[in-house]
Protein chains: 2
Amino acid sequence: MSRVLAGNPRVHAELRERVLAAVEELNYRPNRVARSLRVQQSSTIGLIISDIQNPFFTSVVRAVEDVAYRHGYSIFLCNSDEDPEKERLYLNLMRDENVGGIIVTPAREKRAALDGDVVAQTPMVMLDRRMVDVEADAVLTDNLEAAHRLVSHLIANGHRRIGAIVGGADITTGRERMEGYVRALQDHGIERTPALAIQVIPKERNGAEAAARLLALP
Amino acid sequence: MSRVLAGNPRVHAELRERVLAAVEELNYRPNRVARSLRVQQSSTIGLIISDIQNPFFTSVVRAVEDVAYRHGYSIFLCNSDEDPEKERLYLNLMRDENVGGIIVTPAREKRAALDGDVVAQTPMVMLDRRMVDVEADAVLTDNLEAAHRLVSHLIANGHRRIGAIVGGADITTGRERMEGYVRALQDHGIERTPALAIQVIPKERNGAEAAARLLALP
DNA sequence: CTGTTAGCGCGTTCAT
DNA sequence: ATGAACGCGCTAACAG
């Protein structure tokens with residue numbers, strides 16, 4: 001039976017027919033949990049997102065789910081909510097669930113210590129941000145360059161008093177974008193006003209508060 | 001060992017210590033797949049959403065994930081993308097994964113036939129929309145009443161030419177809201193202009209197109 | 001080509 | 001209070 005459903009070619013047509021008939025008759029469905037236990041792997045990808053309400057991450061989720069679906073995989077979604085402790089818990093959980101792989105947008109650059117070595121046991125890819133102390137592939141944008149160009153563009157248009165709201169210094173994106181901002185100002189000989197640059201944990205609410213603070217400046 | 005970790009009280013303190021020490025030493029982690037196979041249940045909730053990029057559903061996902069987390073459950077997320085066939089596949093998948101329960105926002109009122117009876121085998125709750133041919137609890141809003149009040153409000157403010165863009169007639173929300181719209185017009189003796197009421201599958205793109213059509217009307 | 005068997009890692013039951 | 005054995009449903013290996 002296993003062989004028939006697995007598409008093993010070395011089975012007689014007649015036997016295959018009989019098995020398929022029985023499958024139909026009993027509307028049998030293979031138990032994925034048992035299968036997963038047996039092969040020590042599951043057709044599931046753990047997706048640990050740092051903020052499920054952030055539209056950027058939403059489109060990530062959508063895209064990942066999309067190609068996973070096309071390949072017969074499904075998604076174990078976790079929302080770390082920018083909380084390293086929750087992230088750690090979920091990372092361990094994914095390992096314990098035998099997922100085929102993990103995609104994570106790390107909440108911080110330094111990861112909290114993991115129970116055992118999740119990374120060694122489960123394929124993992126980082127997205128949008130990195131954990132600096134973990135050896136794994138990552139898909140990233142060049143935040144420094146992007147921020148630098150952004151600020152340079154404003155300067156070219158005659159602006160001199162330029163603010164910035166970016167992620168915390170302990171998140172790749174925040175650190176790099178801040179660096180791009182600072183360098184662009186330097187490169188154009190503009191003096192920095194520290195109060196104009198704010199770093200927050202990247203949630204909508206924090207950004208709004210920071211913006212309000214900037215706008216209230218004299 | 002199993003007894004210790006399960007918190008079974010009938011085990012000697014000294015033995016418990018020894019077990020705990022070993023657990024620590026080997027940093028042992030229970031295998032959730034094996035557990036799930038054994039108890040025929042998992043601490044996982046299947047969440048089948050009809051459009052992951054819709055901010056309404058995003059907040060649903062967030063909320064569900066939140067309370068699941070607090071109870072030690074995690075989320076198996078699926079995006080049916082308003083496609084009944086994908087929904088059917090995922091419903092079956094959730095059953096095959098032995099999830100503890102399913103939350104679904106149905107893509108259509110009439111569900112496609114399910115392989116076997118998923119509903120009989122797995123607790124299920126419908127959210128925002130119903131499947132009319134499935135016996136299960138549902139958490140809903142009163143769409144008819146809401147649409148009725150909305151339109152009545154516009155009428156009270158002097159408007160007479162009122163358009164509507166709602167979900168398809170084969171989705172609970174679409175059907176009910178349309179009914180509220182129609183009734184409100186009737187109740188205030190306003191003649192319906194059929195071209196003003198459009199029903200589409202509720203995706204951002206469809207809504208934008210419909211709006212453009214409405215605005216192009218003479 | 002096909003039937004049988006072992007074992008994945010648990011929780012539970014049956015004996016102590 | 002604890003150890004031993006069984007079986008959840010599957011796949012892979014082994015034997016015919």
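All values reported here derive from a predicted model rather than from experimental measurement. All chains are named by letter (A, B, ...) in the order of the sequence lines, taking the proteins before the strands, and each is independently numbered beginning at 1.
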Working for side-chain contact (heavy atoms from CB on, under 4.5 Å), residues Lys203(B) and Glu82(B): CA-CA 8 Å; Lys203(B) 300 193 193 188; Glu82(B) 306 285 0; 3.9 Å; yes
Salt bridge (Lys or Arg N to Asp or Glu O under 4.0 Å) partners of residues 31-48 of chain A, not counting sequence neighbours, each pair once: Arg32(A)-Glu97(B)
Can you name the salt bridge (charged side-chain N to carboxylate O under 4.0 Å, His left out) partners of Glu14(B), sequence neighbours left out? Arg18(B)
Under the side-chain contact (heavy atoms from CB on, under 4.5 Å) test, which residues partner Thr172(A), sequence neighbours left out? Glu109(A), Arg129(A), Arg130(A), Arg175(A), Glu176(A)
Residues in side-chain contact (heavy atoms from CB on, under 4.5 Å) with Ala147(B), at least two apart? Arg177(B)
Under a 4.0 Å heavy-atom criterion, DNA chain D is touched by chain A from dG9(D) to dA13(D)
Between Thr105(A) and Ser50(A), does any side-chain donor sit less than 3.5 Å from a side-chain acceptor? yes
The test is side-chain contact (heavy atoms from CB on, under 4.5 Å); show your working for Ile49(A) and Leu77(A) and say whether it passes. CA-CA 8 Å; Ile49(A) 285 294; Leu77(A) 181 79; 4.1 Å; yes
With sequence neighbours excluded, what pairs up with Phe57(A) under the ring-ring contact (aromatic ring centres under 6.0 Å, His included) test? none
One pair to check against side-chain contact (heavy atoms from CB on, under 4.5 Å): Tyr28(A) and Met1(A). What are the steps and the verdict? CA-CA 11 Å; Tyr28(A) 163 85; Met1(A) 192 280 296; 3.6 Å; yes
Toward the 5' end of DNA chain D, by each residue's nearest nucleotide, His12(B) or Leu37(A): His12(B)
Give every pair of a protein N or O atom and an N or O atom of nucleotides 10-14 of chain C that lie under 3.5 Å apart, one pair per line with the distance.
residue: dC10(C); atom: OP1; partner: Tyr28(B); partner atom: OH; Å: 2.9
residue: dC10(C); atom: OP1; partner: Asn31(B); partner atom: N; Å: 2.9
residue: dC10(C); atom: OP2; partner: Tyr28(B); partner atom: OH; Å: 3.4
residue: dC10(C); atom: O5'; partner: Asn31(B); partner atom: N; Å: 3.3
residue: dG11(C); atom: OP1; partner: Arg35(B); partner atom: NE; Å: 2.9
residue: dG11(C); atom: OP2; partner: Ser2(B); partner atom: OG; Å: 2.8
residue: dG11(C); atom: N2; partner: Arg38(B); partner atom: NH1; Å: 2.5
residue: dG11(C); atom: N3; partner: Arg38(B); partner atom: NH1; Å: 2.5
residue: dT13(C); atom: O4; partner: Arg3(B); partner atom: NH1; Å: 3.4

How bent is the helix from dC1(C)-dG16(D) to dT16(C)-dA1(D), comparing axes over its five end pairs at each side, to the nearest 10°? 50°
Taking side-chain contact (heavy atoms from CB on, under 4.5 Å) as the definition, give me every residue that meets it alongside Ile103(B), ordered by chain and number, with sequence neighbours left out. Ile45(B), Leu47(B), Val64(B), Leu127(B)
Hey, could you give me the CD/CG distance between Glu204(B) and Asn54(B), rounded to the nearest 0.5 Å? 8.5 Å
Qualifying residues under side-chain contact (heavy atoms from CB on, under 4.5 Å), relative to Asp83(A), sequence neighbours excluded: Glu85(A), Lys86(A)
Taking only the side-chain nitrogens and oxygens of Gln40(A), find out if one of them lies under 4.0 Å from OP1 or OP2 of dG7(C). no
Could you tabulate the donor-acceptor pairs under 3.5 Å formed by side-chain atoms of residues 135-142 of chain B, not counting sequence neighbours?
residue: Thr141(B); atom: OG1; partner: Asn143(B); partner atom: OD1; Å: 3.4
residue: Asp142(B); atom: OD1; partner: Glu145(B); partner atom: N; Å: 3.1

Can you sort out which residues in residues 15-22 of chain A have a heavy atom within less than 4.0 Å of DNA chain D? Ascending by number, please. none
